[in-house]
Amino acid sequence: MRELIKELPPYWWEIPEMVSIQNALQSELIELESGFDRIIWDTFIDTASEERISQWEKRLSIVPMGSLEQRRLYLKSVIRGFGKLNEEKIRSIVNALTGGDAIATFEDGVIIVKVLPPNNGSVFLFPDVERSLEPRKPAHLGLRVVRYYSTWGVIANRFADWQEVEEHFDNWSGVKNYLEG
């Protein structure tokens with residue numbers, strides 16, 4: 001940032017009062033510019049401060065749960081979820097939370113949402129998927145959300161050691177998409 005005093009004609013540079021006034025204005029300008037940066041970052045959920053995320057949660061009557069990143073993911077899913085709940089909307093909400101996809105089906109009055117493995121390895125709260133979908137579903141329908149992937153705990157319980165995992169799967173994609181059953 002340029003010095004404000006240099007914006008004035010040179011004969012003012014020698015007057016102590018003008019130098020003091022310009023220095024005071026300079027510090028105010030620096031503070032104002034840092035405020036602009038904060039406002040710009042707070043505009044987007046992915047970069048918003050914790051204070052801004054809390055304001056969003058309060059405005060939308062959301063009870064904060066999890067880490068700041070998990071709260072951001074849930075907030076994005078809430079904002080994406082307005083409108084009629086259909087398969088496309090369900091997939092969009094799940095994607096906002098997990099970074100992955102979902103399969104939504106309807107059976108005997110129940111919406112069944114199978115959450116597929118996330119592509120980006122994001123750490124999300126699985127109960128947030130149901131918490132996000134429940135208020136949007138029609139009151140006369142049920143909702144069942146299931147993992148359509150295995151956790152490391154499932155893999156560890158199913159296979160004795162890494163050697164057995166290696167023998168069973170051709171690559172990591174097979175491990176990622178393994179379903180117990």
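- Of the inter-residue distances, the one linking Ile39 atom CD1 with Ser49 atom OG reads 11.0 Å to the nearest 0.5 angstrom.
- Checked by atom type and distance alone, the side chain of Glu164 never pairs as donor or acceptor with a backbone atom of Phe159 at under 3.5 Å.
- Atoms CG and OG1, from Asp42 and Thr47 in turn, are 7.0 Å apart once rounded to the nearest 0.5 Å.
- Residues Trp13 and Lys6 have side chains in contact (heavy-atom distance under 4.5 Å, counting atoms from C-beta outward).
- Under the 4.5 Å side-chain criterion, counting only non-hydrogen atoms from C-beta, Asn23 is not in contact with Ile5.
- No more than 12 heavy-atom neighbours from other residues, nucleotides or ligands sit within 6.0 angstrom of CD on Glu31.
- We find the CG-CD distance between Leu4 and Glu7 to be 6.5 Å, quoted to the nearest 0.5 Å.
- Leu97 and Asp128 make their closest contact through CD1-O, 3.6 Å (heavy atoms, listed as atom of the first residue, atom of the second, distance).
- When hydrophobic clusters are built by joining Ile, Leu, Val, Met, Phe, Trp and Tyr residues whose side-chain heavy atoms come closer than 4.5 Å, directly or via intermediates, Val115 is not grouped with Val110.
- Scanning all heavy atoms of the two residues, the minimum distance from Ala96 to Arg80 falls at N-NH1, 3.4 Å.
- Looking at Phe126 and Arg147, their side chains come closer than 4.5 Å, going by heavy atoms from C-beta outward.
- Separating the CG atom in Leu73 from the OG atom in Ser132 is a distance of 11.0 Å, to the nearest 0.5 Å.
- Cluster membership for Leu68 and Ile62, using ILVMFWY side-chain heavy atoms within less than 4.5 angstrom, is shared.
- Residues Lys114 and Val146 form a side-chain contact, since some pair of their non-hydrogen atoms from C-beta on lies under 4.5 Å apart.
- You'll find the side chain of Leu75 reaches within 4.5 Å of the side chain of Leu60, heavy atoms only.
- Once rounded to the nearest 0.5 Å, the distance linking CD1 of Ile90 with OG1 of Thr105 reads 9.0 Å.
- The number of heavy-atom neighbours closer than 6.0 Å to CD of Glu166, taken from other residues, nucleotides and ligands shown, is 12 or below.
- With no hydrogens or angles considered, no side-chain donor-acceptor pair links Gln22 and Gln26 at under 3.5 Å.
- Looking at Asp46 and Arg72, no side-chain N of the basic residue comes within less than 4.0 Å of a carboxylate O on the acidic one, giving no salt bridge.
- Under the 4.5 Å side-chain contact rule for hydrophobic residues, Phe44 and Val78 do not share a cluster.
- Between the side chains of Arg71 and Ser54, at least one donor-acceptor pair of N or O atoms lies under 3.5 Å.
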